[in-house]
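Throughout, protein chains are lettered first and strands after them, A, B, ... in sequence-line order, and every chain is numbered starting at 1.
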2 protein chains.
Amino acid sequence: MHDTSPASAPLAGATDKRTSILRAAMTLIARNGFHGSPTAMIAAEAGVGAGTLYRYFADKDALIVAVHREVETRLNEWLQKDYPFGQSIRRRLDHYFIGLLRFFIDHPLEFKFLGQFYDSPYGVELRRDKIFSKPVGDAGCETIRGLLEQGVAEGIIKDLPLVLLFALFIGALTSAVRDHTHGFIDLHDGLQRRLADAFWDAIRQ
Amino acid sequence: MHDTSPASAPLAGATDKRTSILRAAMTLIARNGFHGSPTAMIAAEAGVGAGTLYRYFADKDALIVAVHREVETRLNEWLQKDYPFGQSIRRRLDHYFIGLLRFFIDHPLEFKFLGQFYDSPYGVELRRDKIFSKPVGDAGCETIRGLLEQGVAEGIIKDLPLVLLFALFIGALTSAVRDHTHGFIDLHDGLQRRLADAFWDAIRQ
DNA sequence: GGGGGCGGAGTGAATGTTCAGTCCGATCCT
DNA sequence: AGGATCGGACTGAACATTCACTCCGCCCCC
């Protein structure tokens with residue numbers, strides 16, 4: 001089985017095919033789910049032959065995992081922009097909350113893909129890691145988990161299990177975004193703020 | 001296409017097969033998802049022949065919809081038990097919040113099934129209806145939507161769009177239950193209470 | 001003994017994956 | 001320099017597998 005790293009990928013403009021395939025896969029999976037996205041369809045959408053897919057990825061699973069990695073990398077970069085180092089815990093949590101809201105609203109396909117991914121066998125383990133240990137920011141950046149922990153220690157956040165605080169965070173966030181992408185509501189800036197405030201009210205001491 | 005109502009089902013003890021199939025379908029779909037639950041496997045789990053399945057349901061879709069109806073009926077009955085008519089809005093909302101928590105904790109398979117269902121093409125429309133118009137309680141019972149509406153009108157709940165209030169409700173709830181069923185936390189009675197309190201803090205004026 | 005619920009091998013469609021061949025650009029040989 | 005050779009990225013038709021669904025004979029019960 002070959003790797004998915006650029007090292008083993010063909011040179012020059014050929015890399016465009018890899019990204020074409022990644023984008024096509026994300027788009028179709030977001031729209032139709034894993035099983036509504038046959039490899040033939042992904043290849044067609046990407047404008048490559050059915051076999052080409054297997055020159056870049058060992059199998060469909062590897063492709064899906066690669067899409068996930070790529071999306072998460074972009075998400076992490078997005079979250080690190082303008083990170084309010086040194087400011088209050090609430091402000092830093094707000095940065096994550098609104099940052100995630102904005103990213104998902106601006107990138108609905110990425111949102112739907114991640115939703116599919118984390119609800120599949122692929123993602124459950126990752127989810128566990130994310131809550132318990134792994135940083136959301138790639139390197140050097142504080143984690144949501146760390147901020148919640150610190151807030152609890154300082155007595156400004158309710159002394160609930162971290163997992164529950166995180167559930168409030170991610171649950172409110174994803175439900176609201178889902179309603180937005182389904183067209184049930186328009187999550188404009190003002191509502192984003194008020195939702196973040198409501199979340200803060202939920203967890204503050 | 002034939003119906004799934006008992007009227008058209010075979011008589012006598014044969015109904016046991018119908019419920020066997022329903023239970024088997026729910027169990028396998030909860031565990032492996034729709035695509036990971038071939039009809040042959042469902043039939044085997046139910047202890048019937050592969051063809052028998054089609055004596056009770058027109059096709060796999062009809063079976064899935066029937067499972068959903070059956071689960072929701074039981075959920076509604078559960079929620080109507082001990083409904084605190086006439087008590088404060090907070091208490092009535094609490095009844096729903098903790099009632100749903102308990103039901104899902106006591107019935108993890110039902111929870112996972114509903115999660116799969118509402119994230120699939122089957123359920124999106126139903127989700128929309130549930131938020132916008134349909135009652136959760138079957139008949140005569142107040143709806144979560146109605147309670148939130150009333151709370152907003154009385155000025156004791158934040159004046160946010162109903163959809164967002166509902167997103168806070170269902171998002172916090174489902175995220176917490178998911179963490180519980182994944183074994184990340186033990187949502188005992190005390191935590192259930194404190195989570196309900198946190199939710200109330202999020203939406204109260 | 002006969003009729004209807006039942007079983008499970010069978011069927012055709014669809015899907016993931018492969019592989020023999022094509023094509024294009026680089027490299028080498030004269 | 002220019003033609004011959006080669007390498008390997010790319011293709012897409014073919015293959016093996018899986019799935020939802022059907023069909024016909026069995027068998028149990030009246």
Participant: Rounded off to whole Å, could you give me the CD1-to-P distance for the B:Ile29 and D:dC19 pair?
Facilitator: 14 Å

Participant: Nearest-Å distance, CD1 (A:Ile21) to P (D:dA9)?
Facilitator: 13 Å

Participant: Within this structure, what is the CG-to-P distance between B:Asp59 and D:dT22, rounded to whole angstrom?
Facilitator: 9 Å

Participant: Starting at OH of B:Tyr56 and ending at C1' of D:dC21, how long is that distance when rounded to a whole Å?
Facilitator: 18 Å

Participant: Starting the side chain at C-beta, find the nucleotide from C:dG16, D:dC10, D:dA20 nearest to A:Thr52.
Facilitator: D:dC10

Participant: What is the distance from CD1 of A:Ile42 to C1' of C:dG16, rounded to the nearest Å?
Facilitator: 11 Å

Participant: From D:dC10, C:dG8, D:dA20, pick the nucleotide closest to the side chain of B:Ala50?
Facilitator: C:dG8

Participant: The test is side-chain contact (heavy atoms from CB on, under 4.5 Å); show your working for A:Phe199 and A:Asp94 and say whether it passes.
Facilitator: CA-CA 9 Å; A:Phe199 163 67; A:Asp94 261 8; 5.8 Å; no

Participant: Find the distance between NE2 (B:His68) and CD (B:Gln116) and round it off to the nearest 0.5 Å.
Facilitator: 13.0 Å

Participant: Could you give the CZ-to-P distance, from B:Arg18 to C:dC6, as a whole number of Å?
Facilitator: 13 Å

Participant: Can you measure from CD (B:Glu149) to CD1 (B:Ile144) and round to the nearest 0.5 angstrom?
Facilitator: 13.0 Å

Participant: Check the distance between D:dC10's C1' and A:Arg55's CZ and give it to me in whole angstrom.
Facilitator: 7 Å

Participant: How long is the gap from OG1 on B:Thr39 to OH on B:Tyr54, to the nearest 0.5 Å?
Facilitator: 4.0 Å

Participant: Using whole Å, what does the distance between atom P of nucleotide D:dC21 and atom OH of B:Tyr54 come to?
Facilitator: 4 Å

Participant: Under 4.0 Å from OP1 or OP2 of D:dA20: is there any side-chain N or O of B:Thr39 that close?
Facilitator: yes

Participant: With a 4.0 Å cutoff (strictly under), does any side-chain N or O of A:Lys60 reach OP1 or OP2 of C:dT18?
Facilitator: no

Participant: Can you work out whether A:Gly51 or A:His35 has the more 5'-proximal nearest nucleotide on DNA chain C?
Facilitator: A:His35

